Amino acid sequence: MKGRRCVNLWAHMGKKSNEAQDRLPVGRRSCAKQWCLRIGRTRKETVDAVRRKISIRNYFTGLVFAFSVTLIYLLPAVNAQTDSDFTSDDLIFFTEDFAGEPRWGCDGLSVFGLEHGMIHLGKQQVSPGRLAATSDLRTVLAIRSNGGMDLHVIRQDSEAPDGWTDGGVDFSEDGWVATFVGGIAITPGANPSILMAAQQGGAWNSNCSSTRYGVIKLELAALDLQVRGAAPVLREFITASPVAEILTTNSGEMAHLVVPKLRSRSSVMEAFIYSIRTDSLEEVAIPIKLPDLGGGAFSGCGDSPSFTHATLSPDGHFVVINNRDRPEIIVADLIERRAWTMPLRGMPGLKTVGGVAFNWSSTNYGLLAIHGQTNIGVFDWKEGTTSDLLSYVQVTRPFGDDTSGPQAAIAWSTDGTVLIAAQGNNEAEFGSWYVKQAGHQLSRGPEFEVCPDRERNFPNDVLTGNGILPSATFTASPANTPTPMPTQTPSPSATLTVTPSPSSTPSPSSTHTSIPPTIPLTPAARPSPRPIYLPLLLREKCSPEQRRTDVVLVLDASLSMLEPAGQGIHQTKLAAARHAAGVFLTALHFEQGDQAALVTFNSQATLLQELTNDQGALDARLDSIGTAPQTCIVCGVNLGALELASPRRKLDNEPVLILLTDGRSNPQPASAAVDRAAGAKALGIRVYTIGLGAELDEQALREMASNASSYFHAPSTADLVGIYREIAVDIPCPASSFWARR
């Protein structure tokens, strides 16, 4: 059994294992394999191990073998670990737990190659848990899974014998310590930050009611990862319970926090998903309440993070969470902000669910892998409604309890062709399976013995570049796949029915449109033009008090609107836009029949307030604007035009749409917004556009506007109030309708 499980030195160096075996007598091949496992030890320990393994009768033969292989180790073994012999997409990182007994666990953070075997046997550091990596996989962190230091680390190091060095950090500033088996993430980019589940108020097994939980932000570059010491907290986000998973979007702008329930002596805190910005740790949407998560107790007072696994769908629309003690998963819709349970059918004997993992690679894109403790299943994901089992294999249940974790981890290889999963005792800690025929076939792959020659295995977490490294052959997600706040790509051809709030009183439940509807482009019938002869002395008069309007304010609510309004100004662009819009509302005559509505847009459009003459309700909605990534201008135009075509519109009032943005249209092209604005104008809607700042597509904004005088550029937020006041005057008495501007 051990000979089968052994990692061979020649495989470790990128050669085929049978090439090494062919050099040895048959009776010595297993011995050579056992010796190879000690590649991470000192040369003296290695030679001693060889001497113990080889019988006295064959001592000299063994000595020759040991000397030869030692020379191989001294010379080419170092070169075998360079980037020329393996690539980042070949790397797999493992954590393994529990070295309480000499014959059990290694407590290390180790590196393997998918085709190269062990690359680095991690230094014993006491219970590393969940893993996170930088976008180049050159630095990998693990949060603690019980005692020990807060953060474990390995980094690529060209001067190290095997190319990697170990380190760690104990974190103690402001009383924060890492939450045991909590979530951890590293934001992508040149200046990565660490988001880490943390807590104040004592050790993880202290009285839960007196503990403060949350996520803290650290700068990776600011940590000395070779010493045990404090590090500065940049920001913090407080939660009611320990944070089990931190799922970052592929852009790194947002993170979704999966928080199991917590039972204190006096109350029960429910389970939630929080969506926050990674730069400021501010919430960008209302929390999603989760169904009751099955699982063991967190220190006797709640669900243990070690039992909780979550994965983000590649389109960013859904989060899937295991419901450990039940044969089901929990699905959370990040756009609609709701969650439900989904049974898993077809896997025989399924009683509990462990790890869950979506595949982000182009090969087998979007398939969902489930660790069922005693089997591994691959499911065909269908946008949160159904999930059909494609294939499964049986495995030995991995050992674990609530003192280690995470339990029953699973991951896709970087290229999406292999599944790697924890497995049980008397086997290597992790096994792998090749995924073929679009998920319909699983065949056994290599095993990964993270802790050689130990009687009991304690597999913790596994991490690859899947979802971290880009997929070279990936083109695009299916056109009909909806996407959430971070990566939504609306389809302009879909039809949407807008259901407004029945009351003008502000409430957290707003109407969202993730897919812009189609506006009918049939213009109202107009008489044929004919020449009009006017006298030279023209006296035109406008009586604004006799002209009524229905106006929709369409405001950009992308993340960039949270930037400062200007140099040395503490007010954000969004705050300045809200103030200017409020000034505009005071210029309307609600008591005489004017109406206004409020629409915001980022990756989607939201009808915050339908047409109303209640200025108090409008002001309250202005104060409730939240932000999210992207700038879907076409979404805002579409929803604004729909509201002006709704039954709430007064037929005698002139329909007006005023759009403000500080950026370029994405993910939909600006041309889509221009086309939709043309449709709105064809229906008789007057369109004003305002561009704030310098990062604009001014040509598109000019084309969207009803005429040249209906586009306004605001170089800074200081110009916004004046622009809105000018529009308020222009609406009832448009200059373009009078002699001087015709």
Side-chain angles (χ1 to χ4, degrees), residues 1-8 11-12 33-34 36-40 91-131 140 142-146 148 152 154 164 166 181 306-307 309 354-355 357 369 371-376 393-401 403-413 418-433 444-464:
M1 173 64 74
K2 289 188 176 180
R4 178 181 66 81
R5 296 182 296 142
C6 229
V7 178
N8 188 275
H12 172 62
K33 289 183 178 182
Q34 296 297 326
C36 293
L37 291 172
R38 290 152 176 82
I39 189 70
L91 296 179
I92 309 173
F93 304 92
F94 297 104
T95 52
E96 188 272 348
D97 202 3
F98 201 68
E101 292 279 345
R103 63 186 188 278
W104 294 354
C106 291
D107 271 7
L109 198 174
S110 301
V111 188
F112 279 68
L114 187 61
E115 302 295 338
H116 295 77
M118 181 179 287
I119 296 171
H120 173 74
L121 179 62
K123 177 182 177 182
Q124 181 178 328
Q125 298 190 55
V126 187
S127 302
R130 293 188 196 270
L131 288 160
V140 181
I143 201 167
R144 66 176 182 170
S145 67
N146 46 58
H152 306 255
I154 55 173
W164 294 84
D166 298 82
V181 204
S306 65
F307 298 128
H309 292 267
H371 198 313
Q373 303 282 352
T374 58
N375 42 34
I376 305 292
V393 293
Q394 293 185 335
V395 297
T396 306
R397 183 185 183 97
F399 179 85
D401 55 30
T403 63
S404 63
Q407 306 290 304
I410 192 169
W412 292 86
S413 64
V418 181
L419 276 177
I420 305 103
Q423 57 185 15
N425 287 327
N426 302 318
E427 295 181 292
E429 287 87 347
F430 291 86
S432 70
W433 293 263
R444 189 73 186 194
E447 293 184 315
F448 305 97
E449 190 164 21
V450 184
C451 188
D453 292 345
R454 298 300 172 97
E455 294 181 6
R456 177 170 283 185
N457 299 334
F458 289 80
N460 273 358
D461 204 11
V462 53
L463 176 75
T464 72

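In this text, all values refer to a predicted model and were calculated from it rather than measured experimentally.
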Distance-minimising heavy-atom pair for [X] and [Y]:
X: Ile410; Y: Ala421; value: CG1-CB, 3.8 Å
X: Ile119; Y: Gly113; value: CD1-N, 3.5 Å
X: His309; Y: Pro406; value: CE1-CB, 3.6 Å
X: Asp107; Y: Val126; value: OD2-CA, 3.1 Å
X: Val462; Y: Ala411; value: CG1-CB, 3.8 Å
X: Gly108; Y: Pro128; value: O-CG, 3.4 Å

Determine whether a donor-acceptor pair (N or O, by modelled atom type, separation under 3.5 Å) exists between the side chain of [X] and the backbone of [Y].
X: Arg397; Y: Gly424; result: no
X: Trp412; Y: Ala357; result: yes
X: Glu429; Y: Cys451; result: yes

With side chain to side chain contact (heavy atoms under 4.5 Å, CB included) as the test, would you mind laying out the steps for Ser432 and Phe448 before giving the verdict? CA-CA 8 Å; Ser432 70; Phe448 305 97; 3.8 Å; yes
Between Gln423 and Glu447, do the side chains contain a donor N or O and an acceptor N or O under 3.5 Å apart?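 The answer is yes; a qualifying pair exists.
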Taking atom types as modelled and ignoring hydrogens, do the side chains of Ser145 and Asp97 form a donor-acceptor contact shorter than 3.5 angstrom?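 Result is yes, a qualifying pair exists.
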Using the rule given for side chain to side chain contact (heavy atoms under 4.5 Å, CB included), can you reason through Glu449 versus Glu96, listing the C-alpha separation, both sets of side-chain angles and the distance that settles it, and then say yes or no? CA-CA 10 Å; Glu449 190 164 21; Glu96 188 272 348; over 6 Å; no
Sole candidate of Lys123, His120, His152 that passes side-chain hydrogen bond (donor to acceptor under 3.5 Å, both in side chains) when paired with Asp166: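 Of all the options given, the one that passes is His120.
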Please name the residue in the list Thr95, Thr464, Ile143 that meets the side chain to side chain contact (heavy atoms under 4.5 Å, CB included) test with Leu131.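 Running side chain to side chain contact (heavy atoms under 4.5 Å, CB included) over Thr95, Thr464, Ile143 with Leu131 returns exactly one hit, Thr95.
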Evaluate the side-chain proximity of Gln407 to Val181: yes if any heavy-atom separation is below 4.5 Å, no if none is.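 Answer no - side chains too far apart.
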Would you indicate whether the side-chain heavy atoms of Val393 and Asn375 approach each other to under 4.5 Å?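 No. Closest side-chain heavy atoms not under 4.5 Å.
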Between CG on residue Leu121 and CZ on residue Phe94, distance to nearest 0.5 Å: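 It comes to 12.5 Å.
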Within this structure, what is the CZ-CZ distance for the pair Phe112 and Phe93, rounded to the nearest 0.5 Å?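 Phe112 CZ to Phe93 CZ: 12.0 Å, rounded to 0.5 Å.
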Before you tell me yes or no, could you show the steps for Ile92 and Leu463 under side chain to side chain contact (heavy atoms under 4.5 Å, CB included), namely the whole-Å CA-CA distance, both residues' side-chain angles and the distance that decides it to 0.1 Å? CA-CA 6 Å; Ile92 309 173; Leu463 176 75; over 6 Å; no
Give the intermediate values and the outcome of side chain to side chain contact (heavy atoms under 4.5 Å, CB included) for residues Phe458 and Val450. CA-CA 10 Å; Phe458 289 80; Val450 184; over 6 Å; no
